[in-house]
Amino acid sequence: MAGIIRRLPNALVNRIAAGEVVERPASVVKELVENALDANARTIEVTIQDGGRRELVVFDDGNGIAHDDLLLTVERHATSKLPGDQLDDIKMLGFRGEALASIGSVSRLRICSRHKDADQGWKLGVDCDQITDPVPDAIQHGTRISVQDLFYAVPARLKFLRSPRSESLAITAQLKSLAMGFPEVGFTLVEDGKTRLNVQPAGTGHDDALAHRLEQIFGSDFTKNSFAVEANRESMRLHGRASLPTHHRGTSQMQFLFINHRPVRDRQLAGAIRAAYSDVLARDRFPVLALFLTIDPQFVDVNVHPAKLEVRFREPNRVRGFIISALREGLGGAGTQVSNDTARAALSRMQPGSWPHERVPAQPRSDSHSAIFGQSRYQSWDRPHQPRSLADGKLVELFDAPPQAPAPQAGLSQSDDRSHSAGVPDTDRTDYPLGVAIGQLYETYIIAQAGDEMILVDQHAAHERLVYEGMKQILADGEVARQGSLLSEVVELQATELNALLGQRDEFARLGLIFESFGPGAVIVRETPAMLGAADPVRLIRDLADELIEWEAGGTLEQRLQQVCSTMACHGSVRAGRRLTLPEMNALLRQMEQTPHSGQCNHGRPTYIQLKRVDVEKLFGRR
Ligand code: ADP
Ligand code: MG
């Protein structure tokens, strides 16, 4: 019997490939501009008509194309960018050799170019895969590629195009992101005779040029409301600018990420950014940023997406940890920037608990207790105590109980009086490393005195760490106190979220979170861990689902569980803005002393800082 399988004609193969590479005019701009950048262009001019549908021209002053290479440019899988055939060592933006072939199969394509060493230019035409032989052309330098009537031969595609206005906005956005990646190159975009974008290089050196370029693109508002990011770890570098937590948007559209200059939209990186800002920004808000990750090409696979928008890291968790700690470091530094000089002098005398910033490990969760405690000055309580079982929920009960008496105000004198009243320990007692609480500030910080040291505790960060360590203990012991919800909460979810959650149901049950599927797009929550107190089960489930999806690409079960614990801890923790009684404050301090890692919250920030009496006195000029 005769076979029915046939090899597809070349023209059809190209058109199929075009479906992946060329989605809309903006993707044509991306491919052509990337080619110009690969050819070392210093100036790139883009001209479009009718949102790029009628005509789209990219003119560059790069190296040009030699006559003998012209025909090959439009041949599929023909490229000048893989000289050593090494797919794991890609330094150019292009390498698949299919952009021009694809574009030529769905439009009228003209390539005019003069190679830098040639004495004349040449022109090649392709009309829907019909190639005409090169003819001499008057072009003086570089390469000019024009694409007319995009998709005219693929009516189905034409229907999917948006209005010329949206296509032109997409082109502008595309070009802006490329312009950020290459601040030493000038870019212009002219639409129907009007200049839409004109960014020229300025400043000396890459960092200067980048700062200037970011200001050109985001405006000076961004410069004022952002901080510089600069971090190096092993062979990785992260640099760029990121907005202060007060400067944010409703979507991630203003987040630009580059890996070795290549603009990418990567979910894992987006997740790392969200994690870095998690305790300073609401979950549904997004910082504005442009971040450049430089990494050895061998550690990242860029050949996983036809338009190369996604990447795969060889060690995703290492990259994630690096980005989170680099951003947190920047955010930490930015926090002191806003304070005035006097305050800064005071701050410079304050020390984060026992954990100087540079010692904060990238992934505190996986670090051993002793590694973190190694630098502590409190040898007396450095020993890795077994945390007193937090599983009994005592601490949480304490915080969830309505205050017995009116809580103290921030006024120190009032609290001081109280400290001498019955039941409250003496502030001069030195056997408590974190001292004795004397009051609460802004309903967020606990002020304590230990001998002649003043201690300021971030109550939310500290409690979060306690709950987190408690959850880890539960995981290790396998026993957990649960509480049934008063009414079973139904949480509606997307299919992917649902699958991710249901896939980990047994692990959640071990932690005391019991839920089951409820109809096609929801789960019903039956019980939550007692430790979490009155945490909102709906938000908890949603956050956990997000977390799981983010981690789906990498991470061992153990890491995922720790992440889950961390998310749960955040939900179960006593919030900033909650008024505490003195006994509650002292209970928290005593718990901290008995809990491993309690000097930093789950995000690696210190949970308390301390200031010596001499430093306080210096502030007032007494010394
Ligand atoms: P790729 O960029 O993946 O190699 P393309 O189809 O985009 O594939 O381009 C094919 C080849 O044409 C490139 O490898 C390059 O040698 C050449 N080329 C394309 N555009 C330019 C340009 N603007 N300047 C110089 N050479 C170019
Ligand atoms: Mg290319």
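Numbers here simply count residues along the sequence, with the first being 1. Start at 1 and go down the list; that is how both ligands and their atoms are numbered.
- One finds a salt bridge joining E230 and R237 here, because a Lys/Arg side-chain nitrogen approaches an Asp/Glu carboxylate oxygen to under 4.0 Å.
- Distance from atom 4 (O) of ligand 1 to its nearest protein heavy atom, with residue and atom name: T79 OG1, 2.5 Å.
- Of the protein's non-hydrogen atoms, I65 CG1, 3.3 Å is the one closest to atom 26 (N) of ligand 1.
- Cation-pi contact between R157 and F151: present, with separation from the ring centre below 6.0 Å and deviation from the ring axis of at most 45°.
- Protein heavy atom closest to atom 6 (O) of ligand 1, with residue, atom name and distance, is L100 N, 2.9 Å.
- Residue, atom and distance of the protein heavy atom nearest to atom 7 (O) of ligand 1 are N35 ND2, 2.8 Å.
- At least one heavy atom of D60 sits less than 4.0 Å from an atom of ligand 1.
- Residue G64 places no N or O, backbone or side chain, under 3.5 Å from any N or O of ligand 1.
- Distances between N or O atoms of G97 and those of ligand 1 include at least one value under 3.5 Å.
- Note that R108 lies in the cation-pi zone of Y152, set by a 6.0 Å cut-off to the ring centre and a 45° limit from the axis.
- Residue-ligand proximity, A39 to ligand 1, at heavy-atom distances under 4.0 Å covers atoms 24 (N), 25 (C).
- Backbone or side-chain N, O or S atoms of T79 do not reach the Mg ion (ligand 2) at under 2.8 Å.
- Proximity of K81 to ligand 1 is established by a heavy-atom distance of less than 4.0 Å.
- Looking only at heavy atoms of the protein, atom 16 (O) of ligand 1 is closest to S80 OG, 2.5 Å.
- Residue contact annotation: G62 has no non-hydrogen atom under 4.0 Å from ligand 1.
- A cation-pi contact links R318 to F299, judged by a cut-off of 6.0 Å to the six-membered ring centre and 45° from its axis.
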